[in-house]
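Contents: one structure, followed by commentary.
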Amino acid sequence: MRNFNLAVIGGVQYIFLTFVSMIIYPGSTYHNPETGSYIFTENFLSDLGRTVVYNGADNSISATLFFLALTTAGITNIMMFYSLPRVLGKGQWTSKLATSTQVIGILSGIGFIGIAWTPCDLLY
């Protein structure tokens, strides 16, 4: 149960740090480098992880926050899904469902971490 509580904390910090990262983001979009802030309908979420934005401005603070948000969320997802089969029990149906869900959940956590560690302006 502890891993599930950590996953909730990881999810909350992901939302909080991503929101703060959006506020700090210096601006510019792929189509309009002249914007002055993050625009939810025009920027990609992964733009927050860029070390340098489209207009050439430094984005290290926002990128660091986004990196921390994704990495922590990925780690807590892996921890939660790793313990899922023990929580759901050992029934034939629940065991198969828990195992398949566990694999998909762990892969998604690895995906979060992979996105965090590969900013598109450095490692396209």
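Side-chain atoms of Leu48 and Met22, non-hydrogen and from C-beta on, do get closer than 4.5 Å to each other. No side-chain heavy atom of Thr29 sits under 4.5 Å from any side-chain heavy atom of Phe44. Put simply, the side chain of Thr76 does not reach to within 4.5 Å of the side chain of Ile9, judged on heavy atoms. Using a 4.5 Å heavy-atom cutoff, the side chains of Trp117 and Leu70 are not in contact. Leu6 places none of its side-chain heavy atoms less than 4.5 Å from the side chain of Ile75. The shortest side-chain heavy-atom distance between Asn59 and Val52 does not fall under the 4.5 Å cut-off. Looking at Pro85 and Gln102, their side chains come closer than 4.5 Å, going by heavy atoms from C-beta outward. Taking the side chain as every heavy atom from C-beta outward, Ser37 and Tyr25 never approach each other to under 4.5 Å.
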### Task
Under the side chain to side chain contact (heavy atoms under 4.5 Å, CB included) rule, what do Thr18 and Leu45 come out as? Steps first, then yes or no, please.
CA-CA 9 Å; Thr18 301; Leu45 193 58; 3.9 Å; yes
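Remark: Thr101 engages Phe81, Leu84, Leu97 in a side-chain contact (heavy atoms from CB on, under 4.5 Å) (not counting sequence neighbours). Residues satisfying the side-chain hydrogen bond (donor to acceptor under 3.5 Å, both in side chains) criterion with Thr51, sequence neighbours excluded, are Asp121. In this view, Tyr30 and Tyr54 satisfy the ring-ring contact (aromatic ring centres under 6.0 Å, His included) rule, not counting sequence neighbours.
Side chain of Ser21 to main chain of Leu17: no donor-acceptor pair is present (N/O by atom type, distance under 3.5 Å, no hydrogens or angles).
Here the closest non-hydrogen pair linking Val53 and Gly27 is CG2-O, 3.4 Å. Residues Cys120 and Arg50 share a closest heavy-atom pair of SG-NH1, 3.2 Å. Of all heavy-atom pairs between Pro119 and Gly49, the closest is CB-O, 3.2 Å. Contact between Ala73 and Gln13 at its shortest, heavy atoms only, is N-NE2, 3.5 Å. Considering all non-hydrogen atoms of both residues, Asn55 and Thr35 come closest at ND2-O, 4.5 Å. Pairing each heavy atom of Pro33 with each of Ser28, the nearest pair is O-CB, 3.3 Å.
Taking the six-membered ring where the residue is Trp, Tyr14 and Phe112 present tilted rings, their angle falling between 30° and 60°.
The line from CD1 of Ile78 to OG of Ser83 is 12.0 Å long, rounded to the nearest 0.5 Å. Of the inter-residue distances, the one linking Ile39 atom CD1 with His31 atom NE2 reads 12.0 Å to the nearest 0.5 angstrom. The line from CZ of Phe19 to CG of Leu65 is 12.5 Å long, rounded to the nearest 0.5 Å. One distance of note links CE of Met80 with CD1 of Ile106; it measures 10.0 Å at 0.5 Å rounding. Here the OG1 atom belonging to Thr64 is positioned 9.5 Å from the CD1 atom belonging to Ile24, to the nearest 0.5 angstrom.
Ile61 CD1: 12 or fewer foreign heavy atoms inside a 6.0 Å radius.
Cluster membership for Phe40 and Phe66, using ILVMFWY side-chain heavy atoms within less than 4.5 angstrom, is shared. Linking ILVMFWY residues whenever their side-chain heavy atoms come closer than 4.5 Å, directly or via other members, leaves Ile113 and Ile104 in distinct clusters. Linking Ile, Leu, Val, Met, Phe, Trp and Tyr whenever their side-chain heavy atoms come within less than 4.5 Å puts Leu68 and Phe16 in one cluster.
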